[in-house]
Protein chains: 2
Amino acid sequence: MKRESGKAKRRQHEFLDAAAAVFAAKGYHGATTGDIAARLGIKQGSLYYYFRSKEEALEQVCLVGVKGFVQTIEDITASDVSLREKIARTVAAHLGALATRKDYVVVFLDQRQHLPPDRRGEILAQSRRYVQVIEDILKSGRDSGEIKSSTDPRLAALNLVGLCNSVADWYGHDPKLTIELIGKNITNMFIEGVGA
Amino acid sequence: MKRESGKAKRRQHEFLDAAAAVFAAKGYHGATTGDIAARLGIKQGSLYYYFRSKEEALEQVCLVGVKGFVQTIEDITASDVSLREKIARTVAAHLGALATRKDYVVVFLDQRQHLPPDRRGEILAQSRRYVQVIEDILKSGRDSGEIKSSTDPRLAALNLVGLCNSVADWYGHDPKLTIELIGKNITNMFIEGVGA
DNA sequence: CACAATTTCAATAATGTTATTGATAATCGT
DNA sequence: ACGATTATCAATAACATTATTGAAATTGTG
């Protein structure tokens with residue numbers, strides 16, 4: 001009989017959290033399975049009850065990381081609000097994922113390259129689609145005259161995503177800089193720029 | 001007698017290039033000294049004629065990477081041109097370093113965290129100063145009324161640097177996207193935004 | 001409680017990696 | 001061409017890491 005009691009799921013979750021934390025802190029290759037085990041208070045070999053291989057663990061962590069991004073973006077495109085509001089929501093969702101699941105997001109951003117090609121498929125597809133959706137949002141904004149006609153939607157989308165991703169490099173250093181504050185700042189800069 | 005013939009320097013340079021390329025491609029821990037040796041066409045043990053340890057190699061690569069950034073930024077602050085021009089030059093210098101020394105820059109950006117604390121000192125100091133100089137440029141621009149008074153120079157500096165750094169993630173994928181084009185795009189977006 | 005399922009352990013095989021060393025080959029200046 | 005300097009090699013010690021296995025402990029259930 002399959003158990004799948006809430007307890008088992010909780011433990012599985014703890015395991016993924018530990019893997020994400022260790023991968024984020026040390027990088028995939030810099031992290032050892034022993035590090036993950038130590039964080040869970042179990043022995044290195046015991047981990048293999050939860051995964052088949054270290055690679056599989058990385059894949060799972062990356063998937064959680066990227067899904068945090070993609071989750072809400074669909075609804076945002078569909079919603080009937082101004083372009084500014086769409087961008088504000090996109091940024092908020094992006095930064096929100098960073099705040100609530102920093103380890104997963106950081107691992108997705110920085111460690112997915114270490115997955116062998118045959119494990120990269122879905123992760124790559126999801127992240128490509130994410131940028132594509134943002135590009136589409138910008139394109140529609142250009143059509144509706146809400147953004148400059150000279151704006152290249154592709155480049156602008158890459159810039160917006162890069163801008164949000166870069167927050168991961170320093171978020172948390174200064175407690176004054178809340179997600180809300182940073183989000184407003186990025187949204188404003190993206191739409192109006194810093195020029196007087 | 002110390003030789004220091006041009007040849008020796010050239011070889012030293014080749015060695016650093018190889019280390020940078022391998023670290024950039026596989027990450028510090030994912031890269032083996034054997035990988036670096038293979039790229040140079042020599043045996044793994046022979047590398048230790050050029051460095052004392054893998055860590056030292058990483059430190060040297062990171063230093064070259066960060067110096068590419070800091071090099072020109074000083075002159076830009078001093079120069080007597082408009083804020084827009086200062087920012088345009090800053091972005092151009094940043095992206096230029098990315099284009100001409102991508103491997104070194106990528107290693108500095110993504111791998112410096114794997115240096116032990118006692119090797120991080122100078123690298124950290126240089127990169128802090130880099131952001132500080134940009135912050136100062138923006139502050140002076142705020143004082144001169146060239147940028148919005150509501151702009152937070154610190155956040156804006158972090159954003160500008162993050163934006164430029166994020167180009168490393170995709171630069172080179174599309175040959176149509178030249179450094180000049182990307183630079184103009186970023187400068188425009190940073191100052192005027194994409195809004196109509 | 002007793003039984004079955006779940007979770008962890010101890011021990012270890014197989015492999016890979018860094019760094020050292022003394023010998024050897026290649027190169028340079030005279 | 002010769003001796004000295006520079007560069008590379010072969011071999012290996014020491015160590016770390018992943019993954020496997022069968023046993024043991026723990027937990028949940030009737």
Side-chain angles (χ1 to χ4, degrees), chain A residues 1-62 107 111 113-116 118-119, chain B residues 1-62 107 111 113-116 118-119:
Chain A
M1 280 288 150
K2 270 238 192 81
R3 280 279 133 252
E4 44 185 280
S5 63
K7 199 154 200 172
K9 251 175 198 165
R10 237 173 292 138
R11 190 63 172 153
Q12 181 76 24
H13 192 266
E14 282 172 10
F15 156 72
L16 258 199
D17 278 355
V22 171
F23 288 157
K26 303 194 167 189
Y28 175 67
H29 289 292
T32 71
T33 51
D35 293 332
I36 302 173
R39 178 170 270 257
L40 289 167
I42 63 180
K43 300 295 173 184
Q44 181 265 338
S46 308
L47 280 182
Y48 287 76
Y49 177 74
Y50 293 100
F51 58 35
R52 295 174 180 290
S53 71
K54 198 183 162 191
E55 270 177 7
E56 187 186 285
L58 176 60
E59 185 184 15
Q60 287 183 47
V61 172
C62 286
V107 171
Q111 308 299 323
Q113 64 181 116
H114 298 119
L115 281 170
D118 57 307
R119 282 187 191 274
Chain B
M1 282 284 150
K2 271 239 192 79
R3 275 289 131 244
E4 31 190 287
S5 64
K7 200 154 200 173
K9 252 176 198 163
R10 238 174 291 138
R11 189 61 171 156
Q12 181 76 22
H13 192 266
E14 282 173 9
F15 156 72
L16 258 199
D17 278 355
V22 171
F23 288 157
K26 303 193 166 188
Y28 174 67
H29 290 293
T32 71
T33 52
D35 294 330
I36 301 173
R39 178 171 271 257
L40 289 167
I42 63 179
K43 300 295 172 184
Q44 181 266 338
S46 309
L47 280 182
Y48 286 76
Y49 178 74
Y50 294 99
F51 59 36
R52 293 174 182 289
S53 70
K54 199 183 162 190
E55 271 177 7
E56 187 186 284
L58 177 60
E59 185 184 16
Q60 287 184 47
V61 172
C62 286
V107 171
Q111 308 300 323
Q113 63 180 115
H114 298 119
L115 281 170
D118 57 307
R119 281 186 192 275

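By convention in this document, chain letters (A, B, ...) are assigned in the order of the sequence lines, proteins followed by strands, and residues within each chain are numbered from 1.
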Q: Using modelled atom types only, decide if a donor and an acceptor are shared between the side chain of A/Lys54 and the backbone of A/Ala31 within a distance under 3.5 Å.
A: yes
(Q) From CD of B/Gln12 over to P of D/dT8, roughly how many Å is that when rounded to an integer? (A) 11 Å
Q. Does OP1 or OP2 of D/dT17 have a side-chain N or O of A/Thr33 closer than 4.0 Å?
A. no
Q | Of residues 18-32 of chain A, the positions that come close to DNA chain D - non-hydrogen atoms, cut-off under 4.0 Å | A | A/Ala31, A/Thr32
(Q) Side-chain N or O of B/Arg11 versus OP1/OP2 of D/dT8: is the shortest distance under 4.0 Å? (A) yes
Q. Rounded to the Å, how far apart are A/Leu47 CG and D/dA19 P?
A. 10 Å
**Q.** Distance (rounded to the nearest 0.5 Å) between A/Leu40 CG and A/Tyr50 OH
**A.** 7.5 Å
Q. To the nearest angstrom, how far is B/Gln44 atom CD from C/dT20 atom P?
A. 11 Å
Q. So does B/Ser46 get a side-chain nitrogen or oxygen closer than 4.0 Å to the phosphate oxygens (OP1/OP2) of D/dC9?
A. yes
Q: Mark yes or no for whether A/His114, through its side chain, and B/Gly30, through its backbone, hold a donor-acceptor pair below 3.5 Å.
A: no
Q) Within the structure, does a side-chain N or O atom of B/Tyr48 lie under 4.0 Å from either OP1 or OP2 of C/dT20? A) no
Q. Which one, D/dC9, C/dT6, D/dT8, comes nearest to the side chain of B/Lys43?
A. D/dC9
**Q.** Phosphate OP1/OP2 of D/dT8 contacted by B/Tyr49 side-chain N/O (<4.0 Å)
**A.** no
Q) How far does CD1 of A/Ile42 sit from OH of A/Tyr49, to the nearest 0.5 angstrom? A) 11.0 Å
Q.
Quick check against the 3.5 Å criterion: does A/Gln111 have a side-chain atom that pairs as donor or acceptor with the backbone of A/Tyr28?
A. yes
Q. Is a side-chain N or O of A/Glu56 found less than 3.5 angstrom from the main chain of A/Phe51, in a donor-acceptor match?
A. no
(Q) Using a heavy-atom cut-off of 4.0 Å across all strands, would you classify A/Tyr50 as base, sugar-phosphate, or nothing? (A) sugar-phosphate
Q.
Nearest 0.5 angstrom please: B/Glu59 CD to B/Asp118 CG, how far?
A. 8.5 Å
Q: May I have the distance from B/Lys9 (atom NZ) to D/dT6 (atom P), rounded to whole angstrom?
A: 14 Å
Q: Measure from the side-chain heavy atoms of A/Ile42 and tell me the nearest of C/dT18, C/dT8, D/dA19.
A: C/dT8
Q.
Without decimals, in angstroms, what is the distance between A/Phe51 CZ and C/dT8 P?
A. 13 Å
Q. Whole-Å distance between C/dG16 C1' and A/Lys54 NZ?
A. 12 Å
Q | B/His13 NE2 - D/dA7 C1' separation (whole Å) | A | 19 Å
